[in-house]
Amino acid sequence: MAYSTFDRQCMTRALALAAKALCTTSPNPAVGCVIAREERVTAEGFTRPAGGNHAEIEALQQAPDSRGSTVYVTLEPCSHEGRTAPCVNALIAAGVARVVIATEDPNPKVAGSGITLLQDAGIEVACGLYEEQARALNKGFIKRHEQGMPWVLVKTAASLDGRTAMASGQSQWITTPAARKDVQRLRAASCAIITGIGTQRMDDPSLTVRISHEDVGAEDRLRQPLRVVVDSQLLMSPAARMLSQPGATLIATLDGEAQQQKAQALRDAGAEVVFLKARNGHVDLRALLIELARHECNSVMVEAGAGLAGAFIAEGLLDELVCYWAPKLFGSDARPMFTLPINTIDAHLALSVKDIRQIGEDIRVTLYPDKDY
């Protein structure tokens with residue numbers, strides 16, 4: 001399919017619009033839409049929070065007359081009745097002539113049916129313009145529908161010698177305020193934040209998003225991600241700080257008599273307690289991710305100590321690693337970034353650097369595991 005320069009300009013704009021919705025639309029994907037006629041943009045829009053307008057409807061409502069127009073949309077228009085009516089029906093009713101789509105929707109309720117309905121209505125459809133960028137934008141939504149698990153980002157902050165806490169467990173603060181604010185942006189883009197009972201008992205964190213929608217370039221109010229504590233023995237106190245914060249908390253534990261007895265007090269404090277199978281005596285992390293997918297989590301961020309963070313990596317569950325490096329040295333007695341069973345150089349885990357940038361006085365490095373991980 002040959003695309004014009006104007007086609008590319010419009011899809012680039014649609015992708016930029018979609019990015020404005022990344023922190024607000026979950027569990028729906030972030031989608032952008034541009035409507036044009038005779039190489040002139042007449043309307044645009046992006047997905048609103050769940051239950052609100054999809055990108056196509058936002059754009060159509062701005063266009064006085066869309067008959068004969070070309071619509072550029074970053075994800076295949078939906079063809080099923082959900083919280084809102086199918087966008088395909090609205091496009092057909094508007095009389096548009098052409099729809100350019102970046103990538104198909106992996107949701108089984110759509111999965112090409114939107115394209116088919118548009119074509120059956122006599123509308124020209126082109127698919128695949130900037131597909132890689134569109135899939136990257138909604139990587140969590142796509143992974144959840146294709147693999148049944150959310151995208152897993154592990155975040156860590158370390159000294160230059162790779163230490164995340166002193167031997168005593170003291171870790172506040174390794175990085176500067178600028179880096180900590182950047183972490184808040186990562187939280188805002190995540191559907192859930194996962195930590196371990198060790199971190200919870202040591203720091204008693206709130207695990208909330210503490211920035212505004214303006215800080216992430218969003219127009220809609222940010223939602224609080226689901227807080228998840230991995231707690232095999234159910235040691236968490238009902239007085240934990242996060243249980244009094246806005247949003248929901250889920251505690252993942254093993255099924256046992258002691259845990260069953262403790263669960264009600266935590267439920268009374270507002271937590272959801274889920275009992276999962278064991279793996280090597282601990283909560284099965286793959287089972288946890290499947291459970292979070294059932295909770296419609298597209299992406300999760302792991303903010304945990306060396307043990308739990310290392311377990312996600314060791315079990316092949318890592319999709320993305322974000323490291324904040326502070327210009328400090330903590331020494332050989334301080335705690336490492338990860339507990340990983342690697343004993344030889346040949347057994348190393350290879351990573352590809354996707355981005356490096358300075359955040360305040362710190363350096364943020366974003367890495368993906370190599371494909372054979």
Side-chain angles (χ1 to χ4, degrees), residues 10-36 41-64 66 69 71-94 96 99-107 109-110 114 118 130 133-142 144-145 150-151 184-192 209 211-226 246-248 295-299:
C10 287
M11 189 60 80
T12 298
R13 175 56 182 165
L15 288 165
L17 289 166
K20 295 165 71 71
L22 278 174
C23 298
T24 58
T25 63
S26 179
N28 292 336
V31 180
C33 179
V34 171
I35 300 177
V41 173
T42 58
E44 58 183 32
F46 56 87
T47 312
R48 295 299 179 173
N53 286 338
H54 289 190
E56 299 93 322
I57 306 304
E58 283 283 302
L60 286 170
Q61 289 182 350
Q62 292 181 20
S66 297
S69 297
V71 175
Y72 301 86
V73 62
T74 58
L75 188 71
E76 177 184 1
C78 65
S79 55
H80 68 288
E81 189 86 28
R83 294 183 177 94
T84 60
C87 293
V88 164
N89 294 357
L91 292 170
I92 293 171
V96 304
V99 177
V100 180
I101 300 166
T103 189
E104 290 188 21
D105 189 337
N107 186 341
K109 296 178 180 178
V110 185
L118 291 170
Y130 295 149
Q133 295 91 325
R135 287 181 63 87
L137 195 69
N138 280 302
K139 55 186 181 288
F141 175 82
I142 289 171
R144 176 165 70 89
H145 283 290
W151 182 269
Q184 292 293 317
R185 296 188 181 96
L186 291 182
R187 285 186 179 182
S190 302
C191 300
V209 172
I211 54 175
S212 70
H213 59 279
E214 290 94 345
D215 291 317
V216 296
E219 294 185 13
D220 297 305
R221 184 178 178 181
L222 301 179
R223 43 146 179 73
Q224 288 295 336
L226 174 68
H295 281 68
E296 296 187 307
C297 290
N298 294 326
S299 59

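These figures come from a predicted structure and were not determined experimentally. For this chain, numbers begin at 1 and follow the sequence in order.
- In this structure, Pro77 and Leu91 have side chains that are in contact, with non-hydrogen atoms separated by less than 4.5 Å.
- Between Val41 and Arg13, the closest side-chain pair of non-hydrogen atoms is not below 4.5 Å.
- The shortest non-hydrogen separation linking Cys33 to Ala14 is N-CB, 4.2 Å.
- Annotation for Thr25 and Ala30: closest pair OG1-N, 3.7 Å, computed over non-hydrogen atoms.
- In this structure a side-chain-to-backbone donor-acceptor pair under 3.5 Å is present from Thr47 to Val31.
- Using a 4.5 Å heavy-atom cutoff, the side chains of Leu222 and Thr24 are in contact.
- A 4.5 Å side-chain heavy-atom check between His54 and Asn28 finds at least one atom pair inside the cut-off.
- Closest approach of Leu60 to Ala94, counting heavy atoms only: CD2-CB, 3.8 Å.
- Summarising the geometry of Ala134 relative to Ala102, their closest heavy-atom pair is CB-CB, 3.5 Å, with the distance given to 0.1 Å.
- Shown here for Pro225 and Ser190, the closest heavy-atom pair between the two residues is CB-O, 3.3 Å.
- Side chain of Thr74 to backbone of Gly32: a donor-acceptor contact under 3.5 angstrom is found.
- Annotation: the span from Cys87 atom SG to Glu76 atom CD amounts to 11.0 Å, rounded to 0.5 Å.
- Among all heavy-atom pairs drawn from Leu17 and Gly45, the shortest one is CD1-O, 3.9 Å.
- The distance from the CD atom of Gln61 to the OG atom of Ser66 is 11.0 Å, given to the nearest 0.5 Å.
- At a threshold of 4.5 Å between non-hydrogen side-chain atoms, the residues Met11 and Val100 count as touching.
- Note that CD1 of Ile142 and CG of Asn298 are 10.0 Å apart. Values are rounded to the nearest 0.5 Å.
- Note: His145 NE2 to Asn138 CG = 10.0 Å, rounded to the nearest 0.5 Å.
- Checked against ring pair (Phe, Tyr, Trp, His ring centres under 6.0 Å), His213 has no partners two or more places apart in sequence or in another chain.
- Arg223 is not listed as a side-chain neighbour of Pro49, based on a closest heavy-atom distance of 4.5 Å or more.
- Of the possible donor and acceptor atoms, none in the side chain of Glu58 sits under 3.5 Å from a partner among the backbone N and O of Phe46.
- Exactly one of Val99, Leu118, Ile101 qualifies for a side chain to side chain contact (heavy atoms under 4.5 Å, CB included) with Val71. That residue is Val99.
- Ser69 OG to Ile35 CD1: the interatomic distance, rounded to the nearest 0.5 Å, is 6.5 Å.
- In this structure, CZ on Phe141 lies 11.0 Å from SG on Cys191, to the nearest 0.5 angstrom.
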